[in-house]
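Quick note: numbers below take in every heavy atom, side chains included, and nothing from hydrogens, waters or symmetry partners. By convention in this document, chain letters (A, B, ...) are assigned in the order of the sequence lines, proteins followed by strands, and residues within each chain are numbered from 1.
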Amino acid sequence: MSLITSIETVSEPTHQLHSLHDVQHLFDRILQSDHLFINRDLLRSTYIPEILPHREQEITELANILSPALDYAAPSNVIMYGLPGIGKTAVAKYVGAELEAAGKAHGKNITFLYVNCQLVNTLHKILYDISSHISNNHNILTTTGFSSDVVLSKITTCLDATRQVLILCLDEADRIKDDHALYTLTRINEHLHQSRVSIILVSNDIFFTESFDSRIKSSLNQEIMVFDPYNADQLQDILRARIKTALKPGVIEEDVIPLCSALSAQEHGDARRALDLLRVAVELAERKHDHNVTNKHVRLAQSKIEKDRIAEVIHSLPGQQRLLLHAIRILHRYNDHMGKQSVMITGEIYNQYVELSKIVRYTPLTPRRVADFISQLETLGILTARVISKGRHGQTKEIQLTMPLAELAHILNDDEFTQEFQQVKMKNQMKLL
DNA sequence: ATTCCACAGGAAGCGACGGCCC
DNA sequence: GGGCCGTCGCTTCCTGTGGAAT
């Protein structure tokens, strides 16, 4: 389907809702349809259940490491390694909550603070997270504008004033930009007299501490826990435990759980993925008013999850990166038109990008910056790129889309740039825009 | 064996920004 | 309102790369 025809198809809905009455009927119909869920939130990976199947050993190990906190002693710092979706975060949060509860029962002040370093990725941001968490009834900084030293000093004063053990869990710790941040955090105890801080570092990257200098390694003084991926049988147990409370009895066909588990085990034993797959499969079945969830729904869910992920990523890209994607789309289409390979190289993509920048009146960024964008798009799974040498014609990158061109065109269809390109296309009869 | 090309990608630095203090 | 602090997006400068051409 050409870009212009695909725009036409989405322009006008065939049926329009005119009144609040219509809307009420619409939702009545949805509510009256068969509900397969009892509680869909229980099939979300963010939900921490009361029992974590196949992680009993890790829970016990972490609990043993952290138990000195109940005597106001500093537990060892812990590094937890393992691939995504295999229960590291769940174990840390589970043990953290249990420890807080045990502290309360024994009259000890223990605080567990979970920080996701994907967003909170600098020392400064981490310190502000700590300060806002421990600030209850204390005059401590909860806003920005202070140097890291000032915030750190306020935190240590507040901690010492309230005698407590703070367990700081830094998830995705490999995202922290500055090694110095970890060094500072691991040495907080040197400033404390009454309280103690212990750190749990959670990472998918087993090599992330390799680059640390010896000062950080020694100040970490860590216990290491390595999490093994779940196998297909273990994933089945996890899913079966969740569906007992999340879904109505008998709505799942016999082979659905084994299929979800097998597909997720193929990746790397990712329980998060297995739960998403099952939840989306049930949602699709519900929307179709089917009474059972079958393998067909799981396969549809698998394709939907992947498409949704890429579309969401593309829509959230900044303007310049979307413009670059338009350049790639047009170049790809041109290559198809000329019967050439769908492989593109950096130089021609950059030239196309500069052309488009003129149309939308953007100042084109430098080739260096655009090269970074290409690497980022590769990281996001939208492109594949490999460095090749063209001999006397220099070194470059061979770039390919990971999705069909039509799919990218469809995703970019409602993009703000598309309309401008359409106007230019009509004015200049440029077939390939 | 040497030269050459078109980049890749690291490092450093700049300016803008948001949020605060004084 | 100027100064401070940390962050971010970006440019500029630079060195490295590797295979075809000479």
Inset, instruction - Nearest whole angstrom, please: distance from the C1' of B/dC7 to the CD1 of A/Ile345. - result: 9 Å

Inset, instruction - Specify the residues of residues 318-326 of chain A, ordered by number, for which at least one heavy atom lies under 4.0 angstrom from an atom of DNA chain B. - result: none

Inset, instruction - Establish, with yes or no, whether the OP1 or OP2 oxygen of B/dG19 is under 4.0 angstrom from a side-chain nitrogen or oxygen of A/Lys125. - result: no

Inset, instruction - Take A/Ile399 and A/Gly394, find for each the nucleotide of DNA chain B with the closest heavy atom, and name the residue whose nucleotide sits nearer the 5' end. - result: A/Gly394

Inset, instruction - Would you mind checking if A/Arg40 and A/Glu283 are paired as a salt bridge, meaning a charged N to carboxylate O distance below 4.0 Å? - result: yes

Legend entry - Whole-Å distance separating the OH atom of A/Tyr362 from the P atom of C/dG9: 15 Å

Legend entry - Rounded distance (Å) that lies between atom P of C/dG19 and atom CZ of A/Arg392: 16 Å

Inset, instruction - Figure out the CD/C1' separation between A/Gln376 and C/dC8, and round it to whole Å. - result: 12 Å

Inset, instruction - Respond yes when some side-chain nitrogen or oxygen of A/Arg369 is under 4.0 Å from OP1 or OP2 of C/dC10, and no when none is. - result: yes

Inset, instruction - Tell me, please, which residues at least two apart from A/Thr396 pass side chain to side chain donor-acceptor pair (under 3.5 Å). - result: none

Legend entry - Check: A/His332/A/Arg329 side-chain N/O donor and acceptor closer than 3.5 Å: no

Inset, instruction - Examine the side chains of A/Gln236 and A/Ser261 and answer whether a donor and an acceptor come within less than 3.5 Å of each other. - result: no

Could I get a table of every N or O pair under 3.5 Å where one atom is in the protein and the other is in nucleotides 11-14 of chain B?
none

Inset, instruction - Check whether any side-chain nitrogen or oxygen of A/Thr366 sits under 4.0 Å from OP1 or OP2 of C/dT11, and answer yes or no. - result: yes

Inset, instruction - Please list, chain by chain and in numerical order, all residues satisfying salt bridge (Lys or Arg N to Asp or Glu O under 4.0 Å) with A/Arg163, sequence neighbours excluded. - result: none

Inset, instruction - Kindly check if the number of other-residue, nucleotide or ligand heavy atoms within 6.0 Å of CD (A/Glu416) is above 12? - result: yes

Inset, instruction - Find the distance A/Gln395:CD to C/dT15:C1' and express it as a whole number of Å. - result: 12 Å

Legend entry - Exercise: identify the closest heavy-atom pair between A/Ala74 and A/Arg196: CB-CD, 3.3 Å

Legend entry - Under 3.5 Å side-chain donor-acceptor pair for A/Lys104 and A/Asn109: no

Inset, instruction - Send over the distance from A/Phe373 CZ to B/dA8 P, rounded to a whole Å. - result: 14 Å

Legend entry - Any residue of residues 383-390 of chain A with a heavy atom less than 4.0 Å from an atom of DNA chain B: A/Val387

Inset, instruction - Select one nucleotide: of B/dC7, B/dG9, C/dG6, the one nearest the side-chain heavy atoms of A/Thr346. - result: B/dC7

Legend entry - All salt bridge (Lys or Arg N to Asp or Glu O under 4.0 Å) counterparts of A/Glu420, not counting sequence neighbours: A/Arg361

Legend entry - A/Arg299, CZ: over 12 other non-hydrogen atoms inside 6.0 angstrom: no

Legend entry - Between C/dC10 (C1') and A/Tyr353 (OH): distance, integer Å: 11 Å

Inset, instruction - Please work out which of the three classes, parallel, tilted or perpendicular, describes the rings of A/Tyr350 and A/Tyr353, given edges at 30° and 60°. - result: tilted

Inset, instruction - Classify the side-chain pair A/Thr89/A/Asp171 by whether it contains a donor and acceptor separated by less than 3.5 Å. - result: yes

Legend entry - A/Lys397 side chain near B/dA6 phosphate (N/O to OP1/OP2, under 4.0 Å): no

Inset, instruction - Round to a whole Å and report the spacing from CD1 of A/Ile374 to P of B/dG9. - result: 10 Å

Inset, instruction - Give one of base, sugar-phosphate or nothing for A/Tyr350, where a contact means two heavy atoms less than 4.0 Å apart. - result: nothing

